[in-house]
A.B. asks: 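Submitted below is the structure of interest, expressed as structure tokens.
This one's a predicted model, so the numbers in the text were calculated from it and none came from an experiment. Every chain is numbered from 1 and lettered A, B, ... according to where its sequence line falls, protein lines coming before strand lines.
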Amino acid sequence: MINFAVKLFFGMEYDFKSIEQKWQGNWRKSNTYKVEELDTMPKFYVLDMFPYPSGAGLHVGHPLGYIASDIYARYMKHKGYNVLHPMGYDSFGLPAEQYAIQTGQHPAITTENNINRYREQLDKIGFSYDWDREVRTSEPNYYKWTQWIFKQLFDSFYCDTDNRAKPIEELVHAFSESGNKGVKAACDEDTPQFTAEQWHAFSEYEKEDILQKYRLTFLSETWVNWCEGLGTVLANDEVKDGRSERGNFPVEQKLMKQWSMRITAYAERLLRGLDTLDWSDSIKEIQRNWIGKSKGASVTFKIEESDQSINVFTTRSDTIFGVTFMVLAPEHELVNKITRPEQKEEIEKYCQSAALKSERDRQADVKTVSGAFTGAYAIHPFTNERIPIWIGDYVLASYGSGAVMAVPCGDQRDWSFASQFGIEIKNIFNDTDISEGANEDKSAIIDHSDFLSGMTSKEATQKVIEALEEKGIGEGKINYRLRDAIFSRQRYWGEPFPIYYEDGIAKATPSNNCIELPPVDKYLPTEQGEPPLARANKDDWNIFHGERMEYNTMPGWAGSSWYFLRYMDPHNEEAFVSKEKADYWGQVDLYIGGAEHAVGHLLYSRFWTKFLCDRGFIGFDEPFKKMINQGMILGRSNFVYRINDTNSFVSFDKRKEYKCSRLHVDINLVNNDVLDIEAFKNWREEFKDAEFILNENEEYLCDFEVEKMSKSKYNVQTPDDLVEKFGADTLRMYEMFLGPLEQFKPWDTKGINGVHNFLRKFWRLVHDDENNFDIEQCEPNNEELKALHKCIKKVTEDIERHSFNTVVSTLMIAVNELNDLKSKNKTIISQLVVLISPYAPHFAEELWQRLENMDSVTLAQWPQFDEKHLQEDAFTYPVSFNGKMRFTMDLSADLSKDDIEKAVLSFEKTIQYLEGKSPKRVIIVPKKIVNIVV
RNA sequence: GCGGAUGUGGUGGAACUGGUAGACACGCUAGACUUAGGAUCUAGUGCCGCGAGGCGUGGGGGUUCGACUCCCUUCAUCCGCACCA
């Protein structure tokens, strides 16, 4: 009997479990989310940053962005757009390789398992992805095209005249016609000049060497953090105090041949393109800083008694008469050549100590000024004075030319250096004190500077550049901080390069067939320190040319730099994407993802898109028109207090009475900060006999804190648990209800009941006590129409401006209002169901079907807002005195200003608040406010 | 040091172009129904005050009839970048 009652009761409830199962099945069966290119509809492309399928699975933070984009995609579909909304996996990556090293399991298997788990989790949330378009960057049919794009880059150079990439044959043609003198193209700094005759005389090896200086992807010698112990190159942040963070092995600076991408060729376009993008200002600013454009001049200083000269870049050429010394980076190639014998020992010692420090360590210490004198002198180009040449590690080899002209009166670092080593500090500013520090203010008038004296900084800068150009010893120059991107990794689990070596020359593989990852016996470097791929024998490669294949693999960002294009045409065997499909779908209209990719992924994708556009493969040169960066969801940890040296725990509110320490406790053992004591005892063996000091309510209260979600803090919430307890629709709505998408916010399950109750309330609105669907088919009345149209208006506006959280409140208000009106009108409910469908698609489908519709709700048209239902005869005016609201007054909506004033001033409450004084001024904004100034 | 973001009840947050601060929800209080409830319903809930009333959007100042919103300044927290010549 009790069983029956319970069953009856639960049967009456909104049964999310069977509803969600039913509709997920229906969608699969009828291919509801399949997308095709249709000329009859306008297109819209909504994209999520695809995930790396990690072994830990999804936590509630991951789907946040996916839910938002899914809502927007579903909304746009209701609005009549043909919406592309795909999903895939960025499936090459270190964790799978790490796992392979430990267990010997091939990373492809680990990856496959993880992907299956992700897919299972994603499917439960009810996304509208067209899974036929799924891509995986680690699948040969995908990375075949990553390799293909690499080859296009290899076969291209950047023409500075036309400002775009062109086939390398054009360059070869130009070289054989007239050498490289007239060629304006992006190339290495050390590219020599040659004539057509010289070009023809070059050996094949020499020709290739020259071409590598122009190719958009090329081999170059690069300083890297080499870790012998791990047999690999480490990123800066993997190195701590000269040792590897992982394993604590020594790390040395080593010159290695690496593939690089000539992204610097695109610096200016990457910078200017930002202006056309609808991205957050902060991300654009980060990219601008990363590109780091600065305008200045390059100046050549002759070296005394030498045929060498030093080239410097300066942004303050106006201060050139204040130069009293030069500083070279310790790694500068001139250091050895110009150092005087008597200084040799000191310089070598200094260089050695500088080399021991990593770039990051060197940069971290801003306080200490260090340097050494080379004994050599440069000659000032205008005054012919002798200028001592120093080296110092505050000058970075990798920025500008690795040398500076030091102006101690105008640059604080130069000032500190000069003060430390007793170098002259010349004052070239009018009326400016520099005894305590440099004057970096550009407004000072230049003085003691020959032909520049009396000028402002701006005038002088211009004048100097003219003078330098006249003398042929300098020119105006634009410098970028952006460096070419290193593109090779000494790893296994990445894309192999479509490159082989013949006679020591790197050549692109001739066919477009995929170079597949060969099997290897171990996922470790060889004993000779070569990358794991060097373990593969000739026969292990599906394609093999020349002496050997390239052993490096591509970095993580290779596959993610173009994946948005593959979704458009995922099964194309002939091309990475057909021109027609790329033209049809075009740019991503809305891209949602985390801000942590601000420079990496987002800059490289922009670079590749521009390149592919230059070479005519696609028709647009920016990948992501609009982007929203979702904030991270933080965990809410719970704590218990253990009294020191005991097994007794004291409730949070009484902890101060004891000496105790705080321990993380699994959030699954805590409900609304109250500990489930029995569950806690069973949690771990050591707590089995724990004792508890409770508070006045006979409860054990836990402390809480908001921090990042992590296993070790026992604060991870998985979407699976919540879907199980409340259903996907509740989870979707709650993730949105939490707050603005972009903001960082704590995850707190407390509120999820509220959203769940809302769906149940909605369900009960259209069902009777026996859970029979129950609505009325009649003309809706004015109040019902008003509630509905208020909702249509706000939901539409809020989704359009991506204010996903406020939409949930609006839907709640509508249901509350209809509840108060006891309204279950079919017309009203039908439209409300469409409004809620982007948020709660299973729920909406079920009601839509019960409303006797044959088609899926996803095909329903978005409700049309009609102003006339909101028109009111009266308006409730807030009446303020000196800006403070005192009371409200209902007045007819069509009253004129004068009539309103009359009505308000004769109202008894007004007279009361005026206290006999007469109003100075009455401000009336019709249908807004009345403000009386006394 | 430079750059960015954030700061509103006990909590998450709302207030879009300056116009009733605290919508919506959580939590809490009281009550109703019930064998039971992580159910439902009703009422209340920014702070101070018995009250009239006063005070309130991190602090200070300004513009305005009117400021969470605009300007200046300052503090706090978080996140990037960092000797960039």
A.B. asks: Give one of base, sugar-phosphate or nothing for Lys920(A), where a contact means two heavy atoms less than 4.0 Å apart.
C.D. replies: nothing
A.B. asks: Within the 4.0 Å heavy-atom criterion, would you say Asn816(A) contacts the bases, only the backbone, or no part of the nucleic acid?
C.D. replies: sugar-phosphate
A.B. asks: In this structure, how many angstroms lie between the C1' atom of G66(B) and the OH atom of Tyr877(A), rounded?
C.D. replies: 16 Å
A.B. asks: Could you tell me how far apart Lys884(A) (NZ) and U20(B) (P) are, to the nearest whole angstrom?
C.D. replies: 13 Å
A.B. asks: Please report whether the ring centroid of Phe325(A) lies less than 6.0 Å from that of Phe417(A).
C.D. replies: yes
A.B. asks: Any idea if G9(B) is syn or anti, going by the 90°-from-0 cut?
C.D. replies: syn
A.B. asks: For G18(B) versus A67(B), give the span between their P atoms, rounded off to a whole number of Å.
C.D. replies: 13 Å
A.B. asks: Please tell me which of the listed nucleotides, G13(B), U20(B), G3(B), lies nearest to the side chain of Asn805(A)?
C.D. replies: G13(B)
A.B. asks: Could you check whether Phe321(A) and His380(A) have their ring centres less than 6.0 Å apart?
C.D. replies: yes
A.B. asks: So what does Phe726(A) touch, heavy atoms closer than 4.0 Å: a base, only the sugar-phosphate, or nothing?
C.D. replies: base
A.B. asks: It should be established whether Arg481(A) places a side-chain nitrogen or oxygen under 4.0 Å from OP1 or OP2 of nucleotide C84(B).
C.D. replies: no
A.B. asks: Under 4.0 Å between any heavy atoms, over every strand shown, what does Asn757(A) touch: base, sugar-phosphate, or nothing? Just pick one.
C.D. replies: sugar-phosphate
A.B. asks: Touch check for Lys794(A), heavy atoms < 4.0 angstrom, all strands: base, sugar-phosphate only, or nothing?
C.D. replies: base
A.B. asks: Starting at atom CG of Asp393(A), determine the distance to atom P of C84(B), rounded to an integer number of angstrom.
C.D. replies: 13 Å
A.B. asks: Using a 3.5 Å cut-off and no angle test, enumerate the donor-acceptor pairs between side-chain atoms of residues 875-886 of chain A and protein atoms at least two apart in sequence or in another chain.
C.D. replies:
residue: Thr876(A); atom: OG1; partner: Asp890(A); partner atom: OD1; Å: 2.7
residue: Tyr877(A); atom: OH; partner: Lys927(A); partner atom: N; Å: 2.8
residue: Asn882(A); atom: OD1; partner: Val934(A); partner atom: N; Å: 3.1

A.B. asks: Relative to the 5' end of RNA chain B, which residue comes earlier, Gln743(A) or Met812(A), by the nucleotide with the nearest heavy atom?
C.D. replies: Gln743(A)
